[in-house]
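One structure is given here, and the rest of the page talks about it.
Just so we're on the same page: letters track the sequence lines, and every chain starts at 1. Being a predicted model, the structure only gives us computed values, none of them experimental.
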Number of protein chains: 2
Amino acid sequence: MIPSHLRQNPLFQGLTGCDLTLLLGYAHEKTTKRATAFFHAGDTADRCFLLLEGHVKLSQTTPSGAQGAARLIGAGDIFGWAGVMGQARYPGTAESLAACRALAWDTGRMRQTLLATPRLTLTLLTLMGARLREAESRVLDLATARVDQRLARTLLRQSSAAALPLTRQDLAELCGTTLYTVSRTLRRWEQAGWLRLGRGSLRVLSRPALAALAEPPDAS
Amino acid sequence: MIPSHLRQNPLFQGLTGCDLTLLLGYAHEKTTKRATAFFHAGDTADRCFLLLEGHVKLSQTTPSGAQGAARLIGAGDIFGWAGVMGQARYPGTAESLAACRALAWDTGRMRQTLLATPRLTLTLLTLMGARLREAESRVLDLATARVDQRLARTLLRQSSAAALPLTRQDLAELCGTTLYTVSRTLRRWEQAGWLRLGRGSLRVLSRPALAALAEPPDAS
DNA sequence: ATCGGTCTTTGCGCCGGCGCAAATAACAGA
DNA sequence: TCTGTTATTTGCGCCGGCGCAAAGACCGAT
């Protein structure tokens with residue numbers, strides 16, 4: 001039986017029950033504990049995933065390996081589709097930040113399925129479009145906004161009710177800065193009472209305060 | 001008759017002659033002079049384009065309008081497909097840097113065509129994947145590399161044999177900095193004999209010299 | 001030739017943010 | 001409970017890069 005919350009995933013919109021059953025038949029389920037890699041940068045891109053539960057960090061590092069940039073994948077999001085989109089190898093590393101449950105498909109089989117299921121391909125194109133726009137807006141942000149603005153925005157975007165399972169280093173990679181600056185900034189905000197810090201986690205207490213910072217000083 | 005160089009465009013790979021004829025039947029040709037907009041950010045995204053000749057600058061600006069980020073579109077590339085990927089409006093502005101010739105399709109009709117031509121959709125997915133990876137590598141660059149490294153890389157990537165029709169401001173937007181810094185840096189490089197500057201254009205004289213700068217100081 | 005507009009250069013001062021280094025603090029496993 | 005490991009904080013100094021302002025340089029049009 002197919003759980004209804006799965007059927008409602010954006011990836012499956014517009015598919016017939018038959019298509020969906022077939023698609024799920026090809027999938028196998030994968031579960032991981034915290035801090036486990038789904039794949040590493042450079043691995044053969046032979047799988048693609050749909051995250052059902054947990055959080056995944058997708059990160060890239062420079063050739064010299066010094067620093068990195070990252071983005072977060074939440075429940076319901078897809079990741080690791082580089083192979084489907086014609087890449088031989090994964091460009092980044094995917095690592096679980098918490099215990100995860102995911103569906104995995106074989107890349108080659110998925111490509112065949114896409115040729116037979118145009119509706120799915122178009123949906124996928126839409127999802128990738130959204131991700132492309134997000135990446136381009138990050139470029140704009142990095143080029144124009146200050147670190148504290150980017151950090152505030154990142155916290156607002158990711159903060160569910162629950163505490164975020166992110167280290168200072170993770171946050172630094174998410175918003176394009178260093179762990180030192182993140183630590184200093186967060187500490188200042190904690191002392192202002194806007195959030196509560198923990199080791200490898202934090203909780204936002206006052207979204208309005210962060211929202212005020214996220215915008216450039218009021219251009220009235 | 002369909003020109004062969006058109007048939008060889010990546011977008012059309014794997015299509016039957018029949019599909020291709022149909023597709024081109026839907027297209028209309030658009031030509032522009034220099035410094036003309038194909039569309040503006042916020043316009044209804046009702047067209048999508050394939051550039052046949054010329055150069056187009058795709059740019060986004062912050063809500064406050066101060067600065068911007070840009071990317072270049074060359075002959076053979078597609079642009080303005082946000083509507084096809086489910087967006088109501090264009091997220092950025094497309095402006096010709098030189099006289100251009102482009103094919104244009106209606107967004108709605110293209111979406112229908114995609115449902116009927118899975119092969120084309122998959123190709124499009126591949127092209128978008130490449131663009132997504134490029135955007136993500138730009139994020140990494142902005143977060144880790146210095147301005148002169150990014151600038152050198154940008155010049156190397158874009159420099160054909162011909163001179164580039166880019167102002168200092170354009171270059172600043174392409175590599176995420178300000179026109180002042182671009183001017184200073186380029187001037188230094190011109191005095192080193194690595195390039196030749198003009199008003200609104202420049203030509204690379206020594207690619208090796210730039211390549212050396214593009215990489216972080218030799219991590220042996 | 002002249003004039004207005006756009007693009008470019010460069011001096012100057014300032015500051016956001018980096019990153020080493022060292023001291024804690026928190027956790028995990030034996 | 002003890003111990004090694006990993007994460008965090010913070011002082012300090014430095015520097016890359018921003019951005020105003022003003023002075024050219026170049027272009028096209030009348």
Side-chain angles (χ1 to χ4, degrees), chain A residues 33-36 57 62 64-69 95 97-98 141-152 154 163-192 195-203 213 216-217 219, chain B residues 33-35 57 62 64-69 95 97-98 141-152 154 163-192 195-203 213 216-217:
Chain A
K33 312 192 303 183
R34 204 190 125 265
T36 310
K57 183 178 74 165
T62 71
S64 42
Q67 312 230 345
E95 179 196 348
L97 293 173
D141 243 40
L142 281 168
T144 62
R146 284 199 321 279
V147 167
D148 52 355
Q149 293 169 351
R150 301 203 298 268
L151 186 52
T154 302
L164 295 174
L166 297 172
T167 68
R168 308 291 181 271
Q169 174 69 41
D170 290 334
L171 276 171
E173 291 179 1
L174 282 174
C175 70
T177 180
T178 65
L179 109 182
Y180 306 108
T181 301
V182 169
S183 176
R184 279 186 263 260
T185 307
L186 291 185
R187 203 77 223 305
R188 212 167 56 233
W189 293 349
E190 183 185 41
Q191 281 162 2
L195 30 87
R196 172 117 195 115
L197 297 181
R199 180 191 167 100
S201 74
L202 85 175
R203 179 192 306 268
L213 269 181
Chain B
K33 312 192 303 184
R34 204 190 126 270
K57 183 178 73 162
T62 70
S64 44
Q67 313 230 344
E95 179 195 349
L97 292 173
D141 243 39
L142 281 169
T144 62
R146 285 200 319 278
V147 167
D148 54 354
Q149 293 169 351
R150 301 203 298 267
L151 185 52
T154 302
L164 296 174
L166 297 173
T167 68
R168 307 289 180 272
Q169 175 69 41
D170 289 335
L171 276 171
E173 291 178 359
L174 282 175
C175 70
T177 180
T178 64
L179 110 181
Y180 306 108
T181 302
V182 169
S183 177
R184 280 185 263 260
T185 307
L186 291 184
R187 203 77 223 304
R188 211 166 58 233
W189 292 350
E190 182 185 42
Q191 280 161 4
L195 31 87
R196 172 116 195 115
L197 297 181
R199 179 190 168 98
S201 73
L202 85 176
R203 179 191 306 268
L213 269 181

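Rounded to an integer number of Å, the gap from CD of B:Q149 to P of D:dG16 is 12 Å. Summarising the geometry, the separation between CZ on B:R146 and C1' on C:dG19 is reported as 15 Å, rounded to the nearest angstrom. Regarding B:Q169, its CD atom lies at a distance of 14 Å from the C1' atom of D:dC18, rounded to whole Å. Rounded to a whole Å, the OH atom of B:Y180 is 17 Å from the P atom of D:dG17. When rounded to the nearest whole Å, the span between CG of B:L202 and P of D:dC26 equals 16 Å. Whole-Å rounding puts the B:R34 CZ to D:dC27 C1' distance at 11 Å. Atom CD in A:Q191 sits about 10 Å away from atom P in D:dT9, given to the nearest Å. At whole-Å resolution of the value, CD in B:E190 and P in C:dT8 are 12 Å apart.
For B:T178 and D:dC18, the shortest distance from a side-chain N or O to OP1 or OP2 is below 4.0 Å. Phosphate proximity of D:dG17 to B:T177: absent, as no side-chain N or O sits under 4.0 Å from OP1 or OP2.
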Using a 3.5 Å cut-off and no angle test, enumerate the donor-acceptor pairs between side-chain atoms of residues 163-174 of chain A and protein atoms at least two apart in sequence or in another chain.
unit_1 : atom_1 : unit_2 : atom_2 : d
A:T167 : OG1    : A:Q169 : N      : 3.3
A:T167 : OG1    : A:D170 : N      : 3.0
A:T167 : OG1    : A:D170 : OD2    : 3.3
A:R168 : NH2    : A:G198 : O      : 3.3
A:Q169 : NE2    : A:E173 : OE2    : 3.1
A:D170 : OD1    : A:K57  : NZ     : 2.7
A:D170 : OD2    : A:T167 : N      : 3.2

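What you find for B:D148 and B:W189 is that their closest heavy atoms are O-CH2, 3.5 Å.
Of the possible donor and acceptor atoms, none in the side chain of A:Q191 sits under 3.5 Å from a partner among the backbone N and O of A:R188. At distances below 3.5 Å, at least one donor-acceptor pair connects side-chain atoms of A:T185 with backbone N or O atoms of A:T181.
Remark on DNA chain C: of its neighbouring residues A:D148 and B:L179, the 5'-side contact belongs to B:L179, judged by nearest-heavy-atom nucleotide. Place A:V182 and B:R168 on DNA chain C by their nearest nucleotides, and B:R168 ends up nearer the 5' end.
We find the CG-CZ distance between A:L195 and A:R187 to be 11.0 Å, quoted to the nearest 0.5 Å.
Listed candidates were C:dC7, D:dT8, D:dT9. Nearest to the side chain of B:T167 is C:dC7. Checked against C:dC7, D:dT9, C:dG17, the side chain of A:T181 finds its nearest nucleotide in C:dG17.
Heavy atoms of B:R199 sit under 4.0 angstrom from at least one base atom.
Residue A:R184 places no side-chain atom within donor-acceptor reach of the base of D:dT9, judged by atom type and a 3.5 Å distance cut-off alone.
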